[in-house]
S.K.: 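Can you read through this structure? Questions will come right after.
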4 protein chains.
Amino acid sequence: MRTIDPVKHEEKRAEILEAAERCFARDGFHGATIAQICAEAKISAGHLYHYFASKEAIVSAIVDAGVEGAASRFAELTESSNAITALVSELARLRALHRKSGAGVHLDVLAEAGRSPAIGAVIQESSKGVRRLLADLLRKGQSRGQIDPDLDADMAAAVLISVNDGSKSLLIRDPKLDAKRSAKAFEAMITRFLSPR
Amino acid sequence: MRTIDPVKHEEKRAEILEAAERCFARDGFHGATIAQICAEAKISAGHLYHYFASKEAIVSAIVDAGVEGAASRFAELTESSNAITALVSELARLRALHRKSGAGVHLDVLAEAGRSPAIGAVIQESSKGVRRLLADLLRKGQSRGQIDPDLDADMAAAVLISVNDGSKSLLIRDPKLDAKRSAKAFEAMITRFLSPR
Amino acid sequence: MRTIDPVKHEEKRAEILEAAERCFARDGFHGATIAQICAEAKISAGHLYHYFASKEAIVSAIVDAGVEGAASRFAELTESSNAITALVSELARLRALHRKSGAGVHLDVLAEAGRSPAIGAVIQESSKGVRRLLADLLRKGQSRGQIDPDLDADMAAAVLISVNDGSKSLLIRDPKLDAKRSAKAFEAMITRFLSPR
Amino acid sequence: MRTIDPVKHEEKRAEILEAAERCFARDGFHGATIAQICAEAKISAGHLYHYFASKEAIVSAIVDAGVEGAASRFAELTESSNAITALVSELARLRALHRKSGAGVHLDVLAEAGRSPAIGAVIQESSKGVRRLLADLLRKGQSRGQIDPDLDADMAAAVLISVNDGSKSLLIRDPKLDAKRSAKAFEAMITRFLSPR
DNA sequence: CATGAATGAGCTTTCATTCAT
DNA sequence: CATGAATGAAAGCTCATTCAT
């Protein structure tokens, strides 16, 4: 009975996930092929299916991992003294992140979620989680008097998430866009949106 | 003895474009097939290539057509007495439009533009045009005292376009989202962003 | 508007069907591959799908063609003066046929029909037709006093079809089986089964 | 220090065989996978290969086991006072058996035997054994005056086996076939075939 | 202008089998 | 004895594009 380490299994899974992430970032959900992902992860084509049931399942896993990341970051944000500046810089951080790794996947996955019920469900579940966390954050800001108490926290959270989604298009529409000036404009919008009047 | 009627040619082109738009909206850029588009346009597969050199060329043409539409709408907006409410309602109109026809293509095309240089170039050209029009609109609002004169009009235009892009994700992330409440949140954000202080 | 001959289309379809039949006979339903069939029919892999929607659809078409053949042969049998000898020799003819072309497909398709609803439906429909034809034949024999009037014509037809199915196993179970002696045994069984007492 | 217990080994082999039989009955020879069989037998994929050299070897073993079963049943039949009714009810028993467990495998294996030399050899060997047993039974009936002495016992045995094979197709061709009426038709055919004139 | 037959590379996925542990 | 990770060939099928008619 030599049942082998489930830890190793998880590690391999994570390796494949990282490989897939790189491929999706480079070529998009449809552009990236299983063969590429396997090559990147240095496993055989067939073996990938010991870890993931389908290409879609890989995307699901990536998205799921994203929620957990968001949760931990939001937990930190709650600690910060100024809710708005914290949020503004978090959004800036996300923009910078995608400036490096390519925003394609993010939009690709969203578009795919609009069509594939499987991925759609994953995205909706994930969004619900993130939105709740973000709304809590906003409400905390409201109770501290840092954020306009008249705002509908839940909807403001949804809008902020969509603003983040939209920011993925900035560099696609203008790759030479001045980072500082655009950051300033975003900051202005968010700050004015959330500040008490 | 067969003279080419350039008018008829353009009409056919437009018909195909509309058919393609319906297909892309339904199934996305990758999901829609040439065969589907041909069926929808009621022409043969081979014949489509008399009008468009490739699938990408169809997308390019659709995007190009989008700029012209935006131009004429913005021209109308310039006439309106209140620049901000006009803008807010235009953005609301676009959201409503996509609520019906599916936002998938919009995001799909953006994602594709991030990868394919061909489509990327088209999107960038188109974005430049729309952004200039929008920035002009904003500057006009500033000169009339309706919009905060301290705003960087050019960047604000870029941000507003990206806000519009992001709004495509709203219903994907939560298909049951309350339309009125979310519209109100958007309105608040745009209004506060642009209003003189 | 050069709509091309639907006749040519049918001819090509028939060619592919014949090629497929050869492949199925050689390697069975699962053993034969689309690639083999295409090679045998001298067309490309993709082109086959202009004529048949799937591998299963090819089997369906083959089975359907079989019913038509059976119908025309049964029509001839009705003319013959002695119903029983006619039937006996028809069954012998079918055994001889499969002695040449391999009985594998026949059993393969039946087995597949027991599992795949798609093929099952085709086989059931086809069987219904053949059985009705055969039962009519038997009833005609009964009215002429050549066949035992006490027999349940419909069930006898079903049993005879199953006897034919079973005869496909004869050579598989013993490739060296003496053809004449086994034919005689079959003849005895059928004759005694159907003859008036 | 680890001595192999040949009894345990045989028990495990039998367990796997039963599991495989269930899988083959459900999904056919090609449809059933090694993974399924292993799951059903609650062993690992690799371990199965300690007991059977290949998927074909499993089929061989199942077929072999079938002969032994037939031998013991035929031994009982020899005891019965009326050879024909005993045979008729044995065939009915086999039909009823397959009505429950699915006849697919039987036909599947026969079809496979027509192609694979390995399985073909096993089936031929097994058939030879069963046929000899059955022929002996018939000859015993002849010597007792219960069966037509003019019949070629050996060929009659072959034909009866093929009738049994063919009966597997009855329900596939018509799943709603009336069991009693069809049983009666079979009974009539067998009885008239074998009875002295 | 217009058709649709034809291509062929490429896709995701499956699965019997092997082997290090 | 026993596991399950790993392989890799091959399967069915799709689709943008070309071309003879």
Side-chain angles (χ1 to χ4, degrees), chain A residues 1-6 8-9 12-13 30-38 41-58, chain B residues 2-5 8-9 12 30-38 42-58, chain C residues 1-6 8-9 12-13 30-38 41-58, chain D residues 2-5 8-9 12 30-38 42-58:
Chain A
M1 200 89 71
R2 185 194 297 252
T3 314
I4 286 173
D5 225 339
K8 270 207 167 177
H9 190 271
K12 198 85 202 167
R13 238 186 93 101
H30 287 99
T33 72
I34 294 285
Q36 279 173 17
I37 296 172
C38 291
K42 281 170 193 156
I43 58 169
S44 70
H47 195 31
L48 182 141
Y49 287 85
H50 278 263
Y51 296 93
F52 298 96
S54 66
K55 208 180 170 184
E56 279 194 349
I58 300 178
Chain B
R2 187 110 52 76
T3 20
I4 300 165
D5 184 340
K8 272 208 164 178
H9 191 269
K12 199 81 204 167
H30 286 98
T33 70
I34 294 284
Q36 279 174 18
I37 295 171
C38 290
K42 282 169 193 160
I43 58 167
S44 70
H47 196 35
L48 182 139
Y49 285 84
H50 280 265
Y51 297 92
F52 299 97
S54 67
K55 207 179 172 185
E56 277 195 348
I58 300 178
Chain C
M1 199 91 66
R2 184 194 298 252
T3 314
I4 286 175
D5 227 339
K8 272 209 165 175
H9 191 270
K12 198 85 202 166
R13 237 186 94 101
H30 286 99
T33 72
I34 294 285
Q36 279 173 18
I37 296 172
C38 290
K42 281 168 193 159
I43 58 168
S44 70
H47 195 31
L48 183 140
Y49 287 86
H50 278 264
Y51 297 93
F52 299 96
S54 66
K55 208 181 170 184
E56 278 193 350
I58 299 179
Chain D
R2 186 110 51 76
T3 20
I4 299 167
D5 185 339
K8 272 210 164 178
H9 191 269
K12 199 79 202 168
H30 286 97
T33 69
I34 293 283
Q36 278 173 20
I37 295 172
C38 291
K42 282 168 192 160
I43 57 167
S44 71
H47 196 33
L48 182 139
Y49 285 85
H50 279 265
Y51 297 92
F52 298 96
S54 68
K55 207 180 172 185
E56 278 196 348
I58 299 178

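Lettering of chains follows the sequences in order, A, B, ..., and the numbering in each one begins at 1.
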S.K.: What is the ring orientation for B:His50 with B:His47, classed by angle as parallel under 30°, tilted 30 to 60°, or perpendicular over 60°?
M.R.: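 B:His50 and B:His47: tilted rings.
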S.K.: How would nucleotides 7-14 of chain F be written as a contact map, 5' to 3', with B for base contact, S for sugar-phosphate-only contact and - for no contact, using protein heavy atoms under 4.0 Å?
M.R.: BB--SSBB
S.K.: Where does DNA chain F pair, written as one dot-bracket string 5' to 3', with Watson-Crick or G-U pairs under 3.5 Å, ( ) inside the strand, [ ] for crossing pairs and | for another strand?
M.R.: .||||||||||||||||||||
S.K.: For B:His9 and E:dC1, what is the distance between atoms NE2 and C1' respectively, to the nearest whole Å?
M.R.: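 Distance, rounded to whole Å: 10 Å.
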S.K.: Using whole Å, report how far NZ of C:Lys8 lies from C1' of E:dG4.
M.R.: 12 Å
S.K.: Base, sugar-phosphate, or nothing: which does C:Phe52 touch, judged by heavy atoms less than 4.0 Å apart?
M.R.: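 Answer is nothing: C:Phe52 stays at 4.0 Å or more from every strand.
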S.K.: Closest approach of A:Ala45 and A:Cys38, non-hydrogen atoms and distance?
M.R.: CA-SG, 3.5 Å
S.K.: Extract all donor-acceptor atom pairs below 3.5 Å that involve side chains of residues 30-37 of chain A and protein atoms in other chains or at least two apart in sequence.
M.R.:
residue : atom : partner : partner atom : Å
A:Thr33 : OG1  : A:Ala35 : N            : 3.4
A:Thr33 : OG1  : A:Gln36 : N            : 3.0

S.K.: At under 4.0 Å, does any side-chain N or O of A:Tyr51 touch on OP1 or OP2 of F:dA5?
M.R.: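 No, A:Tyr51 has no side-chain N/O under 4.0 Å of OP1/OP2 on F:dA5.
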S.K.: Using 0.5 Å steps for rounding, measure from the CZ atom of C:Phe52 to the CZ atom of C:Arg13.
M.R.: 4.0 Å
